[in-house]
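Report on the following structure.
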Amino acid sequence: MPQVDADREEEEVFCDISVAVDNKIFPAMEPVTGRSELDLSLLVDSGEAAVSDFEDQTDELMHLFGEDYLREELKRSRVIFVVGGPGSGKGTQCEKLIQKYGFTHVSPGDLLQSELAVFSERGKLIRDLLGHGDLVPVDILLEILKDTMTSCLGTTKGFLLDGFPCEIKQAEEFECKMRTPNIVLHLDCSAEIMTKRLLSRSKANQRFDGSPETIKRRLERYYQAAEPVLTYYETKALLCKINAERSTEEVFLQVCTSVDSIF
Ligand code: ADP
């Protein structure tokens, strides 16, 4: 069993651990010399390993080093939070950002919906909670986000968290368990314009969540929970306020200027 002297700087210890793990996982390859060699994305890109191999390796590293490995890998990636009220254009802008930058879209709402259909302990728990009208606890949501993000680590240009965090507790927990975002894009839009957009979206898509009363309640809930989140990131100088009342293309130009600043 390889021995690692843990009585040193965190980076040095991690470097030795990386070498030990790498040599265990890739015994037939040249011995590695440092942590940069552990960039599994290079293997995938060069076609030396299939994506499923990469996922197995990521799983093994997660199993061995858990949250420390995730945090180290996330540090090298980019994490962008996209916040704004319902109808502010988050989904629309995320779609365009994915096309332009190759980010991975992480939508907590969609992920929870998918979990509902899964026959697992977690799926059952979420079905029970939502069935009783309870909210899904932050730690379960974070676990789902962590699983999704882990499965793309090393192969993505970064993560776009659409509509996250929607309350301060989520922001704090994410930072504690994963990392601080590079930036927080705030799509700023008046309640009047968001209402107009949601009404026409629900007409076009025949969605049942689009009655004026439902929209009003959703907006009230949004404003109540969002205020502390926005203040929190403004204080940390991470908030990029975007005027989201303009056309989709004009909004996208502002969004890209902010995103380009983190490369
Ligand atoms: P969110 O994800 O924030 O709820 P969406 O991206 O789904 O918002 O947008 C809500 C509706 O508004 C959609 O029908 C979308 O086509 C429209 N929309 C989005 N951005 C704009 C914009 N800048 N100008 C006009 N309509 C927009």
Side-chain angles (χ1 to χ4, degrees), residues 78-116 130 135-136 141 144-145 148-149 152 156 158-168 170-171 174 181-234 238-260:
R78 288 174 186 84
V79 173
I80 300 170
F81 289 169
V82 185
V83 298
S88 59
K90 299 182 296 297
T92 308
Q93 295 300 322
C94 281
E95 217 173 290
K96 293 175 79 63
L97 284 170
I98 291 160
Q99 267 175 25
K100 177 165 177 180
Y101 296 92
F103 293 138
T104 299
H105 189 211
V106 182
S107 162
D110 291 351
L111 289 172
L112 281 176
Q113 281 296 327
S114 315
E115 283 286 324
L116 283 176
L130 296 181
L135 291 174
V136 174
L141 179 62
I144 296 170
L145 294 184
T148 306
M149 292 169 77
C152 308
T156 183
F159 298 95
L160 278 180
L161 282 101
D162 180 351
F164 183 92
C166 60
E167 54 175 9
I168 194 75
Q170 292 179 354
F174 188 95
N182 294 89
I183 45 167
V184 180
L185 298 173
H186 171 211
L187 299 184
D188 189 34
C189 202
S190 71
E192 197 188 345
I193 290 185
M194 288 194 274
T195 306
K196 265 191 201 153
R197 287 182 188 168
L198 291 176
L199 284 173
S200 64
R201 182 175 74 180
S202 75
K203 234 186 233 163
N205 301 352
Q206 297 186 317
R207 285 167 65 139
F208 299 107
D209 60 351
S211 73
E213 299 75 44
T214 314
I215 291 173
K216 189 164 173 268
R217 268 202 307 277
R218 285 181 69 195
L219 285 171
E220 279 167 3
R221 267 205 311 270
Y222 165 72
Y223 283 119
Q224 210 174 28
E227 197 61 42
V229 174
L230 299 177
T231 310
Y232 179 72
Y233 285 116
E234 198 162 23
L238 291 174
L239 196 70
C240 300
K241 193 166 163 178
I242 309 283
N243 179 351
E245 299 190 348
R246 299 187 182 161
S247 73
T248 301
E249 285 310 321
E250 284 171 315
V251 175
F252 191 56
L253 274 180
Q254 298 173 69
V255 164
C256 289
T257 306
S258 297
V259 170
D260 287 342

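For ligands, and for the atoms within them, numbers begin at 1 and follow the listed sequence. None of the values given here were measured: they were computed from a predicted structure. Heavy atoms only: backbone and side chains are in, while hydrogens, waters and symmetry mates are out.
Heavy-atom contacts from other residues, nucleotides or ligands closer than 6.0 Å to CD of E250 number more than 12.
Of all heavy-atom pairs between L199 and G210, the closest is CD2-O, 3.4 Å. The nearest pair of heavy atoms linking P181 to L238 is O-CD1, 3.8 Å. The minimum heavy-atom distance linking C152 with T104 is given by the pair SG-CG2, 3.9 Å.
Residue pairs satisfying the salt bridge (charged side-chain N to carboxylate O under 4.0 Å, His left out) criterion with at least one member in residues 88-111, sequence neighbours excluded, are listed as follows: K96-E249.
Put simply, no part of Q93 is less than 4.0 Å from ligand 1, judged by heavy atoms. Residue contact annotation: S88 has a non-hydrogen atom under 4.0 Å from ligand 1. Within the structure, the closest approach of G85 to ligand 1 falls below 4.0 Å when heavy atoms are considered.
The nearest protein atom to atom 23 (N) of ligand 1, hydrogens excluded, is given as R246 O, 2.9 Å; this is a heavy-atom distance. The protein heavy atom nearest to atom 2 (O) of ligand 1 is G91 N, 2.9 Å. Scanning all protein heavy atoms for the shortest distance to atom 4 (O) of ligand 1 gives G87 N, 2.9 Å. The nearest protein atom to atom 27 (C) of ligand 1, hydrogens excluded, is given as R197 NE, 3.6 Å; this is a heavy-atom distance. In terms of protein heavy atoms, atom 8 (O) of ligand 1 is closest to G89 N, 3.2 Å. Atom 7 (O) of ligand 1 has its closest protein heavy atom at R201 NH1, 2.6 Å. At the shortest separation from atom 19 (C) of ligand 1 among protein heavy atoms lies T92 OG1, 3.3 Å.
Scanning for ring-ring contact (aromatic ring centres under 6.0 Å, His included) contacts around F252 gives an empty result, with sequence neighbours left out.
Ligand-side atoms of ligand 1 in range of S247: 23 (N), range being under 4.0 angstrom from any heavy atom.
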